[in-house]
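Throughout, protein chains are lettered first and strands after them, A, B, ... in sequence-line order, and every chain is numbered starting at 1.
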Number of protein chains: 2
Amino acid sequence: MKTPPRPVTLADVGAKAGVSAKTVSRVVNRHPEVTPATRQRVEAAIAATGFKPNMAARSLATDRSFLIGCFIVNSHNFYYAELVRGAARASRRYGFHLVLEEIDADESVADYYHEKMRNIGYHGLILPPHYCDSAALLDALEEDGQRYVRISPAIDPDRSPSIYADDGQGVSELAEHLWRLGHRRFGVLAGPVGHLASTIRCDGFVQSLVRLGCSSSDIRIERPASWNSIAMAGRDVAERLLRTGERPTAIFCYNDELAAALIGYARDMNLSIPHDLAVAGFDDSETARLNWPPLTTVHQPIVEMAERAVGWLVSPEPSGQTICPVALKIRSSTDPDAVFIPE
Amino acid sequence: MKTPPRPVTLADVGAKAGVSAKTVSRVVNRHPEVTPATRQRVEAAIAATGFKPNMAARSLATDRSFLIGCFIVNSHNFYYAELVRGAARASRRYGFHLVLEEIDADESVADYYHEKMRNIGYHGLILPPHYCDSAALLDALEEDGQRYVRISPAIDPDRSPSIYADDGQGVSELAEHLWRLGHRRFGVLAGPVGHLASTIRCDGFVQSLVRLGCSSSDIRIERPASWNSIAMAGRDVAERLLRTGERPTAIFCYNDELAAALIGYARDMNLSIPHDLAVAGFDDSETARLNWPPLTTVHQPIVEMAERAVGWLVSPEPSGQTICPVALKIRSSTDPDAVFIPE
DNA sequence: ATGAAAGCGCTAACAT
DNA sequence: ATGTTAGCGCTTTCAT
C-alpha cells in the first residue's frame, strides 16, 4: 500500500480560489451569505482539488458527530437484521453513518454506554426492544442530553420518542381471519415468559378469539420447556398440542421460526398444511416466505420503522414526544399467492 | 432532555491530579514512562472526574479513527448478517467500532468510497464478496493507503490480505459423503451464472463425483429460470429434477434457502426426506437448522472469518500478504442429531 | 459579504 | 520522568 497523499484542506481550496478558508467553509456548509460569483469559484476549486471535509476536525469543532448508533443483540435474528438494514439505508440517505453496538445479553447497557459510547459523541442512538426498556440506560442518556429513539418500548411510552408496531392489532386481525375461516379450536405456541411482545401476542390473540365467541377451553396455550433450540422448542410444543387432547385446527406461534419448526413436525405426523392444520407465525420473515405453503403471519414494517427512527434523530428538532403507531398486515397461507390484506 | 454537562478534559484531570495534561494523556495511552506513583494519582483523578477521552480530538490529532468499516449488501441475507456479527464483536473487543456501509447493487463502490468514506479516516475496511472483486475499489483504497481485508475474493488472491472459505473442499467432502451413503444419481440446483461461489460449488461437486466414479450422465444440473423468489426458484428446479427423467436420489443446492424450498416441494410430492431423496444445502444457516429433518449442509465459519479480518485490521503490521484457508465441516441430515464431521 | 483570530481536546516533538 | 509548545482541520466569534 502506498503512503496516503496529504489531504486537501479548506485552506488549500481557499488558496486555489483566492478566498479565505472560512469562505470555503461557508460554501461547503451552504451558508446563504456568499456571493454567487465567489461560490462558483470556490466550488470549482473544490472540484479541482477533490476536497473532502475532515470528519474528525468537524466533529471536534462542532461537538457533533455524523454517527448514528444502534444497539444490537448478539445473535442472528431476522428482526434485528431488518432493523439494521433500514437504519443503515436511512443513515446513509441523510449523510450519516451507522455504527453497530453489540451488547451481550448479560451485561449492563447503561454501563457499556458510559464506558465506550459516551465519548464518541453520537448524533443519535436507536434503542430496539430490550435495550429501550432499560431505565438505567434511559437515565444515562438523558443525563447526557443524548438524543435517542426507542423502537417498541415496553415502558414509559410518553417519556421520549418511540416507534412501535401494533402487535395487538396484528394478532386481533389474525384471530378474526382464522375465525372467519371456520376454525373453532386453537393452539398457541407462546413466547418466552416475561417478554412483553410475547404477552401482548398471546393475550391479544386469546382475547380476540374470546370476543369472537370462542370458549377459553378451546384455546390451549403451550410453552416450550426450553429455548435452547428453536427446532426443539417447536417440536416440543407440537408434541403436546397435536398428540394429546383434542387437536386444534389452527395454531398461532410466537414467531415464524417456531411456526416452521412446528410445521415440520406436523408434516411428519402426516398432517396436511393448511388443510388439516392451519399454522400462523409472526414477523413475516424469510422463513415465513420460504416455507411451503407460505406461513400465515403478521408483517411488521421493521425497515420503515428504523428509517423513521433515523429520520427523527437527524431532524433539527428533538423529534417531539411523538408515538408512532404502525399499520399491520396479515398474509394468508391458505392462499399461496400471499396477498397482503391492508389494515 | 437536559443540556449535556461540560465534558471533562485531560487538563481538568491534570489539574485535579497536580500534573500536566500530557502526563494524563500518557497514563490514558499506557505509555511506559510514567512513575507508578503519578500513575496512581492520575488514575484516581480519572475515576473521580469520570473522564472519557474525546474521540474526535484524538482522531484529529493522530489522524487515526477507531472505526472499522464494512461494506454490506442491501438485503436480508444470512451470510452478511453473520459477517456483521463477527465483525461487530471483534471490533468491540479491540476497542473499535463497526460502521456499516450499505452499497446499492447498481452503484459503483469505488465512487461511493471516494464520495462518502474517504474523509472518515477508517482505520480499516472489510470487503466481503462482491465488493472485494471490484478492481476499481481496490485501486482507490491502495491509492489512499487505506488498510483493508478481503473476504473470499475471486480476483488477485495475492494482491492483499484476504480470508476465504474453501468451498471446493466443502463440496468435495459433501460429494464423498453422499457417495459413501450409496447415492449414484445426483441433481444440482446451481446458483446464479457468473457468480464465482456458484461456479466453484457446482463444478467442484460434479468433479468430485466424477472422480469417485460417477458418470456425468447421472448428474443433472438445473438452474432456476428466475431469481426473483427463492421459493419459486426452488420449486422450479424441483419440478424439473423430480418430475422429469430419472429422479436423482440426492440433490445438492447452491444454498440452504433453495434447499428448503426444494424440500417443501418434494414433500408435497410425498417424497420422504431423506429416505426417498437426500437434499444438501450450503452455509449452515438458520434455515438448515430449522428444517426438519435438518439439512445436510456445508458450514462456513463466517463469524470467525470476520473476527479474523478485524484482528488483522487492528494489528500494528499491515497483516502481510497472507491467505487464510478455512476448515470446512459437513453436517449430515440423515443423522438428525446433526454432528459435525471435522475436516 | 468576507476575513482574522481563537479554540475545540488531544497528541507529537521537543524541551527539561 | 514530566512539562511546554505547536499544531491536527474545522468552526465560531468578532471585525471589517
### Task
Describe the nucleic acid contact of B:Asn54 in one word from base, sugar-phosphate, nothing, applying a heavy-atom distance below 4.0 Å.
sugar-phosphate

### Message
Once you apply a heavy-atom cut-off of 4.0 Å, does B:Thr38 come out as touching a base, just sugar-phosphate, or nothing?
### Response
sugar-phosphate

### Message
As a test of understanding, state which of B:Asp12, B:Thr9, B:Val13 forms a side chain to side chain contact (heavy atoms under 4.5 Å, CB included) with B:Thr49.
### Response
B:Val13

Distance test, side-chain N/O of [X] to OP1/OP2 of [N], below 4.0 Å:
| X | N | answer |
| --- | --- | --- |
| B:Ser20 | D:dT2 | no |
| B:Thr62 | C:dT11 | no |
| A:Asn29 | D:dT11 | yes |

Provide, to the nearest angstrom, the distance between the [atom1] atom belonging to [X] and the [atom2] atom belonging to [N].
| X | N | atom1 | atom2 | result |
| --- | --- | --- | --- | --- |
| A:Lys52 | D:dC8 | NZ | P | 21 Å |
| A:Asp63 | C:dG7 | CG | P | 17 Å |
| A:Leu10 | D:dT12 | CG | C1' | 13 Å |
| A:Arg64 | C:dC8 | CZ | C1' | 15 Å |
| A:Met55 | C:dC10 | CE | C1' | 18 Å |
| B:His31 | D:dG3 | NE2 | C1' | 15 Å |
| A:Lys22 | D:dT12 | NZ | C1' | 7 Å |
| A:Ile46 | D:dC10 | CD1 | P | 10 Å |

### Message
Does B:Lys22 have more than 12 heavy atoms from other residues, nucleotides or ligands lying within 6.0 Å of its NZ?
### Response
yes

### Working for side chain to side chain contact (heavy atoms under 4.5 Å, CB included), residues B:Gln146 and B:Met117
CA-CA 11 Å; B:Gln146 171 67 63; B:Met117 294 174 59; over 6 Å; no

Go through [options] for me and flag the one nearest to the [X] side chain.
| X | options | result |
| --- | --- | --- |
| B:Ala57 | C:dG9, D:dT12, D:dG3 | C:dG9 |
| A:Thr9 | D:dC10, C:dC10, C:dA12 | D:dC10 |
| A:Ala61 | C:dA4, D:dC10, C:dA13 | D:dC10 |
| A:Leu60 | D:dT12, C:dC8, D:dC10 | C:dC8 |
| A:Val34 | D:dC10, D:dT2, C:dT2 | C:dT2 |
| A:Thr23 | C:dG9, D:dC10, C:dG3 | C:dG3 |
| A:Arg58 | C:dG9, C:dG3, D:dC10 | D:dC10 |

### Message
By nearest heavy atom, map B:Gly18 and A:Val8 onto DNA chain D; which one lands nearer the 5' end?
### Response
B:Gly18

#### Entry: Residue whose closest nucleotide on DNA chain D lies nearer the 5' end, A:Arg26 versus A:Ala11
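On the 5' side of the pair lies A:Ala11.
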
### Message
Quick one, A:Ile155 and A:Leu138 - any side-chain contact, counting heavy atoms below 4.5 Å?
### Response
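In short, these two side chains touch, coming nearer than 4.5 Å.
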
### Message
Can you see whether A:Phe66 has A:Arg64 sitting over its ring - NZ or CZ less than 6.0 Å from the centre and within 45° of the normal?
### Response
yes

### Query
Does a donor on one side chain sit under 3.5 Å from an acceptor on the other, for A:Glu101 and A:Tyr122?
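Yes, because at least one side-chain N or O of A:Glu101 sits under 3.5 Å from a partner of the opposite role on A:Tyr122.
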
